[in-house]
*Asks:* 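First the structure, then my questions, so here it is.
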Number of protein chains: 2
Amino acid sequence: MGTEDRKEREKEQMRQLIIKTAMQLFIEKGMDNVSIRAIAEKIEYSPGSIYTYFKDKSEIIHAIHTEGFEKLYALQKTLDGVENPVDKLAQMGRLYMKFALENRDYYDLMFIAKGVAEKITEKQEWDVGNRSYDYLRETVKECIDQGYINDPNVDAVTFGIWGFVHGMAALIIRGRCAMMPEEFIEQTVSGSLSFMYTHLINN
Amino acid sequence: MGTEDRKEREKEQMRQLIIKTAMQLFIEKGMDNVSIRAIAEKIEYSPGSIYTYFKDKSEIIHAIHTEGFEKLYALQKTLDGVENPVDKLAQMGRLYMKFALENRDYYDLMFIAKGVAEKITEKQEWDVGNRSYDYLRETVKECIDQGYINDPNVDAVTFGIWGFVHGMAALIIRGRCAMMPEEFIEQTVSGSLSFMYTHLINN
DNA sequence: TTCAATTATTAAACAAGGTTCAATATATAA
DNA sequence: TTATATATTGAACCTTGTTTAATAATTGAA
């Protein structure tokens with residue numbers, strides 16, 4: 001009796017269609033236009049139907065959220081070949097900022113938006129994010145082990161560095177630097193990254 | 001003909017009452033419960049009346065926003081007496097984190113929330129915030145001038161430090177560290193502050 | 001004081017959003 | 001074929017911010 005299998009497959013297809021549509025809207029028109037009604041309209045279903053496939057809106061958002069972390073991790077993985085952990089760390093910092101500023105909606109959803117992290121109840125739901133965090137942490141650990149960073153507290157250093165890049169990104173994305181000219185911001189971010197790089201590392 | 005004066009005074013009183021009520025709700029029940037309807041109900045007016053005194057909700061939010069910056073600046077001013085700029089900087093960092101974590105709703109509104117900064121169109125509206133930024137910048141400048149920080153780019157250093165503390169605060173407030181135990185976060189933040197302090201300064 | 005003009009206030013409505021639900025249509029299993 | 005289960009819909013509910021027409025109150029002048 002393969003009927004159940006097929007139905008499950010069809011249901012999964014529908015789920016994917018909804019997610020795909022949500023992502024399209026997300027990329028094209030930003031988070032604010034990913035409304036249940038907008039998704040429904042685009043797939044020519046009624047808003048209520050969405051609820052046959054998802055418990056609530058946050059379940060759909062979560063999929064976009066996860067996609068964002070996939071993108072970020074894929075970028076981080078391009079640094080796999082970098083031998084020197086200090087170089088790797090420096091490049092990771094610039095790569096992170098670049099990702100944040102070139103994918104502002106994704107970044108916002110992943111690290112800033114309200115009501116996203118709050119919905120995560122299952123431990124394993126943090127995995128996609130932790131993977132990226134651990135990638136940074138490992139690099140920091142190598143820097144410490146090889147004597148490039150002079151502090152035994154891996155977590156403090158890692159969190160500090162994350163905070164540093166996230167902070168700049170978040171301030172820019174949420175318009176808290178709007179009083180500064182665009183080019184000035186760019187230069188300043190670049191200068192900050194250099195400053196940190198120069199001072200946190202022993203040569 | 002003092003009538004117009006009185007009317008203006010009464011109107012101003014009403015504005016203050018609305019703002020006061022909004023702040024009460026804000027502090028008691030958080031940002032999400034500062035709805036026009038909630039404010040109106042508390043002062044026993046109809047929701048529509050609010051619009052005689054404020055163009056829209058963002059004008060009311062802006063008042064709370066400004067109050068937050070007043071609070072922060074008042075805290076910063078307690079450091080006026082600290083002679084050594086390095087000490088001042090270190091203390092300012094801890095004070096900033098303390099403010100952020102003990103006044104999460106205020107901090108959120110001031111530095112994270114969407115749709116707040118976006119509404120600021122007039123240059124002078126940034127003044128309350130810039131004052132705090134300049135206070136940090138001045139301290140950083142002193143550190144550089146006195147040879148404690150080895151980087152001529154005042155803005156890059158200032159923005160970097162701001163980003164660093166803001167980043168940690170924002171990650172915590174917006175629940176991006178929810179996978180870590182509370183005490184661990186506290187220790188880590190403290191460790192990060194120490195790490196930065198130790199490494200960014202020449203002794 | 002009276003009355004026209006202004007101003008303040010309200011209730012109701014609108015628009016958008018998430019979500020629920022009874023009714024309908026469709027598909028499945030026996 | 002028929003009873004059961006599932007999918008879908010449209011309308012409704014609820015909660016926002018905001019607008020508006022109607023009403024009430026106040027004011028300035030005659």
Side-chain angles (χ1 to χ4, degrees), chain A residues 1-19 21-26 28-65 105 109 113-116 118-119, chain B residues 1-19 21-23 25-26 29-65 105 109 113-116 118-119:
Chain A
M1 198 72 44
T3 313
E4 271 185 30
D5 293 4
R6 177 176 53 76
K7 289 199 96 184
E8 187 47 53
R9 237 179 305 124
E10 281 174 356
K11 193 149 188 175
E12 185 52 33
Q13 266 185 307
M14 186 65 171
R15 264 193 220 113
Q16 288 306 319
L17 176 61
I18 291 170
I19 289 173
T21 309
M23 280 182 190
Q24 252 173 264
L25 286 167
F26 177 76
E28 283 169 23
K29 316 202 174 166
M31 191 67 242
D32 296 343
N33 287 81
V34 185
S35 66
I36 296 286
R37 281 176 165 85
I39 298 169
E41 193 179 351
K42 210 159 192 193
I43 62 176
E44 293 175 293
Y45 267 71
S46 77
S49 289
I50 308 277
Y51 291 85
T52 311
Y53 301 94
F54 294 92
K55 196 181 115 278
D56 57 23
K57 193 186 173 184
S58 76
E59 276 198 4
I60 303 170
I61 298 303
H62 189 260
I64 304 176
H65 173 263
D105 284 316
L109 194 57
K114 212 181 231 173
V116 179
E118 291 84 342
K119 294 278 176 176
Chain B
M1 198 76 41
T3 314
E4 270 186 30
D5 294 5
R6 177 177 52 77
K7 289 200 95 181
E8 187 47 55
R9 236 180 304 126
E10 281 174 358
K11 195 150 188 177
E12 185 52 34
Q13 265 184 304
M14 186 64 171
R15 263 194 220 113
Q16 288 307 318
L17 177 61
I18 292 169
I19 289 173
T21 309
M23 281 181 188
L25 285 167
F26 177 77
K29 316 203 174 162
M31 191 66 242
D32 295 343
N33 286 80
V34 185
S35 65
I36 295 286
R37 281 178 166 83
I39 298 170
E41 193 178 352
K42 210 158 192 193
I43 62 175
E44 294 176 292
Y45 268 69
S46 78
S49 289
I50 308 277
Y51 290 84
T52 311
Y53 302 94
F54 294 92
K55 195 181 115 278
D56 58 23
K57 192 184 173 184
S58 76
E59 278 198 4
I60 303 170
I61 298 302
H62 189 260
I64 304 176
H65 173 263
D105 283 315
L109 195 55
K114 211 182 232 173
V116 178
E118 290 85 342
K119 294 277 177 177

*Asks:* What is the distance, rounded to the nearest whole Å, between atom CZ of B:R15 and atom P of C:dA8?
*Replies:*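 Taking atom P of C:dA8 as the reference, CZ of B:R15 is at 10 Å.
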
*Asks:* Round to a whole Å and report the spacing from CD of B:E44 to P of C:dA11.
*Replies:*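 Between P of C:dA11 and CD of B:E44: 12 Å.
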
*Asks:* Ion pair present between B:E12 and B:R15, side-chain N to carboxylate O less than 4.0 angstrom?
*Replies:*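 Judged by the 4.0 Å cut-off on N to carboxylate O distance, B:E12 and B:R15 do form a salt bridge.
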
*Asks:* Give a yes or no on whether the backbone of A:V116 and the side-chain of A:E118 come within a donor-acceptor separation of less than 3.5 Å.
*Replies:*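 Yes; judged by distance alone, with no hydrogens or angles, the pair exists.
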
*Asks:* Counting distance only, does the side-chain N/O of A:T21 pair as donor-acceptor with the main-chain N or O of A:L17 below 3.5 Å?
*Replies:*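 Here the side-chain-to-backbone pair exists.
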
*Asks:* To the nearest Å, give me how far apart NZ (B:K11) and C1' (D:dT27) are.
*Replies:*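 For the pair B:K11 NZ and D:dT27 C1', the rounded distance is 15 Å.
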
*Asks:* Between D:dT16 atom P and B:M31 atom CE, what is the distance in whole Å?
*Replies:*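 Going from CE in B:M31 over to P in D:dT16 covers 12 Å.
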
*Asks:* Please give me the minimum heavy-atom distance between A:D56 and A:Y51, naming the atom from each residue.
*Replies:*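 Here A:D56 and A:Y51 meet closest at CA-CE2, 4.0 Å.
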
*Asks:* Is the distance from OP1 or OP2 of C:dT10 to the nearest side-chain N or O of B:S46 less than 4.0 Å?
*Replies:*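 Yes, within the criterion.
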
*Asks:* If you look at every strand shown and take non-hydrogen atoms under 4.0 Å, does A:F54 touch a base, only sugar-phosphate, or nothing?
*Replies:*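 If one applies the 4.0 Å heavy-atom cut-off, A:F54 turns out to touch nothing in the nucleic acid.
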
*Asks:* Closest to the B:S49 side chain: C:dG18, C:dA8, C:dT10?
*Replies:*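 Nearest to the side chain of B:S49 among the choices is C:dT10.
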
*Asks:* Below the 4.0 Å mark, does D:dA7 have OP1 or OP2 next to a side-chain nitrogen or oxygen of A:Y53?
*Replies:*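 Checking A:Y53 against D:dA7: no side-chain N or O falls below 4.0 Å of OP1 or OP2.
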
*Asks:* Around atom CD of A:Q24, are there more than 12 heavy atoms of other residues, nucleotides or ligands at under 6.0 Å?
*Replies:*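 Result for CD/A:Q24: enclosed.
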
*Asks:* Without decimals, in angstroms, what is the distance between B:Y51 OH and D:dT19 C1'?
*Replies:*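 Atom-to-atom, B:Y51 to D:dT19, this comes out as 9 Å.
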
*Asks:* Closer than 4.0 Å, any side-chain N/O of A:Y45 to the OP1 or OP2 of D:dA7?
*Replies:*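 No.
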
*Asks:* Are the side chain of A:E59 and the backbone of A:K57 linked by a donor-acceptor contact shorter than 3.5 Å?
*Replies:*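 No, because the side chain of A:E59 does not come within donor-acceptor range (under 3.5 Å) of the backbone of A:K57.
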
*Asks:* Tell me: CD1 of A:I60 to C1' of C:dG18, nearest whole Å?
*Replies:*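 From A:I60 CD1 to C:dG18 C1': 11 Å.
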
*Asks:* With nearest nucleotides of DNA chain D determined for A:P47 and B:K55 from heavy-atom distances, which residue corresponds to the more 5′ nucleotide?
*Replies:*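 Upstream on the strand: A:P47.
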
*Asks:* Counting only heavy atoms from other residues, nucleotides and ligands, does the tally under 6.0 Å from CD of B:E44 exceed 12?
*Replies:*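 Counting other residues, nucleotides and ligands, CD of B:E44 stays at 12 neighbours or fewer.
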
*Asks:* To the nearest Å, how far apart are A:K57 NZ and D:dT16 C1'?
*Replies:*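 That distance rounds to 14 Å.
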
*Asks:* Roughly how many Å is it from CD1 in A:I50 to P in C:dG18, rounded to a whole number?
*Replies:*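 After rounding, the reported distance stands at 10 Å.
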
*Asks:* If you take any heavy atom closer than 4.0 Å to DNA chain C, which residues from residues 32-40 of chain A end up in contact?
*Replies:*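 Residues of residues 32-40 of chain A under 4.0 Å from DNA chain C: A:V34, A:S35, A:I36, A:R37.
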
